[in-house]
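Below are the structure tokens for one structure; questions will follow.
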Amino acid sequence: MTLMSSYEPTQIEPKWQRRWAAEKLYRTPDARRGHGNKMILVEFPYPSGDLHTGHWYAFALPDMYARYNRMRGYNVMYPIGFDAFGLPAENAAIQRNLHPEEWTRGNIAKMTEQLHSMGAMFDWSREVRTIDPDYYRWTQWMFNRMYQKGLAYRASTSVNWCPKDRTVLANEQVVDGCCERCGTQVTQKKLEQWMMRITEYADRLVDGSEGLDWPRTTRLAQQNWIGRSRGARIIWKLTIPGQTEGKIVETFTTRPDTIFGVTFLVISPEKAKEWMDAGWKASDGVKEYVTRSLRKRELERLEGTKEKTGVDAGVDAVNPLSGESIPVWIADYVLGSYGTGAIMAVPAHDERDREFATQFGLPISDAALRDADMIVAELKKLNAGRPETTYKLRDWVISRQRYWGVPIPMVHCKVCGYVPVPDEDLPVKLPPLEDFKPTDDGRSPLARATEWLSTACPQCGDPAQRETDTMDTFVDSSWYFMRYADPKNSKKFASPAKLKRWMPVPMYVGGAEHNTMHLLYSRFFTKVLHDLGHVTFDEPFLARRNHGIIMGPDGQKMSKSRGNVVDPDVEVKKYGADTVRMYLAFMGPYAQGGPWDPKGITGVRRFLVRVWDLFQKPAAKRADAVVERELHAATKSIGADLETLSLNTTVSTLMKLLNVVEDRTSTMTTAQRARFACLLAPLAPHLAEELWREILKKKSSVHTQSWPKFDAALLTSATARIPVQVDGRVRAVLEFASDATEADVVAAAKADANVARFLEGREPSNVVYLPGKLLNLVIS
RNA sequence: GCCGGGGUGGCGGAAUUGGCAGACGCGCACGACUCAAAAUCGUGUGCCCUUACAGGCAUGAGGGUUCGAUUCCCUCCCCCGGCACCA
């Protein structure tokens, strides 16, 4: 009696992980003759401390796609790195009384180990870490390029301030008025900040997204976020009691054709404040309203109060086309930050204007609409308007008043003003700092690094001070994928030749939460680098696929407080990495995610055990025809499904194939086994390798094999089972030779007892026959 | 409110894009093995009616187009995501 060994993933998986590393199996050369390059990109993780199920979902499943592409003959790069600067590390370090660098490097070490347990084909030789000076040197270099072109600039604006994190946030990082990271309510502060002129690229960011193979949702989310509206700017002359002539106010509208229905203008409290600062003598009531609404704005917005408030400014405006004099009002339903901060109110056509007019007893005029183009032409003639396009998109505030980030490579000189640190002096290294905690006064902790702080002005040589703000981490991640092409380059961020080999990225898989942040910023960076002649492409990611989120068994988002966290390390110990990978794939559509079902994973585990057992048996001498056909069908189907990331059905196809094998012969020929192992390889790389090298005694890895070919001719069978319908309802399923004629099929169908019963002796009035597929006899 | 995506057995989900709805898995039931349990294997499993065959109903609700609709069109309901007083 031979003792059959049992499937022990915890033994074989680490073994192969070590072997693969020793063999440098996943090291990607810059080129391989006869193999096209393909970078399959996943979002590099933030080193938060522990690899969670979400990471497995994000990395182990695209790994299947990457492995399949490799077997299809591509020189596939599957790179990985760490997006390691940022607030959470800093906050965690403060809590634990550690230095952020110590905390972050420790986490990276731990997560690297955990990532290895996944058995993914990461090319670790190309690892990129945003906190390495060799990397952020180029982040700073890019900042300098943008500064040179006026795309990075310093300006005083009202910014989002998180009082808890004590730093500025980009608009994209404010969700429902709260800090995206900590949930604290964001306040507005007027501060000088470093910004990036992403609005300059608004049109190209909208238009360029059209041609991308991206989820519609992502493209629409970006377009929505950019919020382009085409319309006109209209200039209104004002008459202010007791003041000299010559004042104007400008409004923006998408509906210039409604200009004859304008019964009043409304300006935002911000605009009113501007007027007052410029010397406008407003009434006490106006002053009171403006102060109150400027203070109250965010709170009310959060409460969802849509009750409109406003006050008569006591100023009149003249309609440039009708000459009519209309009142100007101040109301906070008009935003200071959008358009011109003032609107022409058309209560007959706009619901908000109507509500306001009704509330304050203002007239509503249903004047006829005119042709918009003609109106604009007339306004242009009168110098009272012009076509204009506005955007919701705001420039990107990249300044952060925190320690753990890339220093902005600027020097402030009393004589020369802001001067960029010369390229040859980069990187400006982040100084070690004992006390790196944030301050309350809006100044970066780097201001405490006195020695680091003082330097010489690069321009005049006088004593000067370094910029103390650090960059938003989204700057770091806006170009990391390019570095994978040439991660060790010390002369350039990547050589043009290598960029050409790998860019743009043909497939980028990640989470939908980056729709309006990372993906938009990366596109912006790419376009800038393109315009400056540093890269030849102007879109970074040709194809994008979003993955869903894995929830806890209770269907809720996994969180420690809910106690529903599934720890992948624990699952791997219990079932093995291959089972965890395949279960995640099997769960459902990749874009959808879903709850982790602790019972469901056993089905995948059972399948892998049965595969193992099958290979323990002696191989068949002769191939079974049914098994052979199923193998070809599975090859076709799994290939097609891997191509589209329909990973759930690749697993079920393999299961079905195994069911057929077990039903027929419970074994396969050696050649069939080899093909089976290849089909399994992308999904369960360790088991496939074990079977391939240990049972089938192959020398080279299963992961370097070609994807098996299938014979399409084998998939069409000699006979066809044809459902026979009477009036569209199946009454029999009959078997025919696949070359049977329609007449044969109809005759046989009529002869069938059950079909005859429903025909009730009548002749069909219509016969629908799809050769080899279906017959429908219509009698009604 | 606007823009997307979705609603299929007890559960996760399939369905070649208009052609046998429910693949594959979980769960459940019964059986085998076992002193017993677990594991494993076998059989069954949408609902109703049936020993069975046959039949009827069924893809959120209602209507339409079609020989034929989970798939296309219209109306409505519900869930998820994005934007939101954006002029």
Side-chain angles (χ1 to χ4, degrees), chain A residues 175-176 215-229 231 251-255 258 266 268 300-301 304-308 331-335 337-346 349-353 355-356 390-393 512-513 515-516 546 548-549 582-583 586-589 591-592 594-607 609-610 613 636-637 640 646 648-659 662 721-733 753-754 757-758 764-770 773-780:
Chain A
V175 176
D176 293 332
R216 240 161 78 85
T217 45
T218 305
R219 292 204 322 264
L220 288 170
Q222 291 204 352
Q223 289 176 13
N224 208 342
W225 182 261
I226 295 167
R228 176 166 68 187
S229 1
T251 61
F252 171 75
T253 180
T254 54
R255 297 291 305 275
T258 61
V266 188
S268 61
E300 276 173 8
R301 212 179 273 166
T305 320
K306 294 281 155 86
E307 183 83 355
K308 287 196 172 40
D332 66 2
Y333 81 92
V334 173
L335 306 175
S337 56
Y338 181 75
T340 60
I343 61 154
M344 57 180 224
V346 190
H349 287 280
D350 186 284
E351 216 177 295
R352 296 154 302 178
D353 296 345
E355 199 188 310
F356 191 77
T390 62
Y391 306 87
K392 291 189 211 171
L393 184 71
E513 70 275 16
N515 281 351
T516 51
N546 289 343
I549 298 169
M582 262 182 107
Y583 169 61
F586 188 48
M587 245 170 62
Q592 183 183 301
W596 176 282
D597 179 359
K599 289 243 176 76
I601 191 170
T602 60
V604 172
R605 166 67 189 214
R606 283 175 195 154
F607 165 76
V609 169
R610 278 160 58 206
D613 290 348
K636 179 184 181 183
S637 154
S646 308
N648 51 339
T649 48
T650 65
V651 178
S652 57
T653 304
L654 273 177
M655 287 173 166
K656 207 164 128 189
L657 171 60
L658 179 67
N659 288 347
E662 286 180 338
R721 290 167 53 81
I722 297 180
V724 177
Q725 302 179 330
V726 177
D727 279 343
R729 329 204 60 170
V730 179
R731 298 304 176 187
V733 179
N754 204 42
R757 214 181 106 206
F758 283 90
S765 56
N766 188 13
V767 174
V768 180
Y769 179 61
L770 279 81
K773 278 204 162 168
L774 172 131
L775 175 70
N776 189 9
L777 304 173
V778 185
I779 52 171
S780 58

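Each chain gets a letter, A, B and so on, in the order its sequence line appears, and its residues count up from 1. All values derive from a computational prediction rather than experimental measurement.
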Self-check item: N or O in side chain of A:Arg606 less than 4.0 angstrom from B:rG27 OP1/OP2
Solution: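 For B:rG27, OP1/OP2 do have a side-chain N/O of A:Arg606 under 4.0 Å.
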Quiz prompt | Between P of B:rC80 and CD of A:Glu513, the distance in whole Å | solution =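 It works out to 19 Å between those atoms.
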Exercise. Please report, rounded to the nearest Å, how far the P atom of B:rC3 is from the CG atom of A:Asn515.
Key: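 Rounded to whole Å, this separation is 19 Å.
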Quiz item: Got a donor-acceptor contact below 3.5 angstrom from the A:Asn515 side chain to the A:Ala221 backbone?
Solution: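 Flag not set: sc A:Asn515 to bb A:Ala221 has no pair under 3.5 Å.
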Self-check item: Nucleotide-level pairing of RNA chain B, given in dot-bracket where Watson-Crick and G-U pairs need both distances under 3.5 Å and | marks other strands
Solution: (((((((..(((......[....)))((((((.......))))))(((......)))..(((((..]....))))))))))))....
Exercise. Go through the N and O atoms of the side chain of A:Lys392 and the base of B:rC83, and report whether any donor-acceptor pair is under 3.5 Å.
Key: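 Answer is no: no donor-acceptor pair is held.
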Self-check item: Comparing A:Arg729 and A:Met344 on RNA chain B - which has the more 5′ nearest nucleotide
Solution: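 Final value for this comparison: A:Arg729.
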Quiz item: Have A:Arg610 and A:Asn659 got a donor and an acceptor in their side chains that come within less than 3.5 Å?
Solution: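 The answer is yes; a qualifying pair exists.
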Self-check item: Rounded interatomic separation in angstrom, taking CD1 from A:Ile601 and P from B:rG27
Solution: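 Computing the A:Ile601:CD1 to B:rG27:P distance gives 13 Å.
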Exercise. Sugar-phosphate means primed atoms, P, OP1 and OP2; the rest is base. With that split, encode nucleotides 13-20 of chain B 5' to 3' as B, S or - using protein heavy atoms under 4.0 Å.
Key: SS----BB
Quiz item: Expressed as a whole number of Å, how far does the C1' atom of B:rG10 sit from that of B:rG22?
Solution: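 Those two atoms are separated by 14 Å.
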Quiz item: Would you say the side chain of A:Leu774 lies within less than 4.5 Å of the side chain of A:Gln725, judging by non-hydrogen atoms?
Solution: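 Side chain of A:Gln725 against side chain of A:Leu774, heavy atoms only: contact under 4.5 Å found.
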Quiz item: Could you state the CG-P distance from A:Asn546 to B:rG4, rounded to the nearest angstrom?
Solution: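 From A:Asn546 CG to B:rG4 P: 17 Å.
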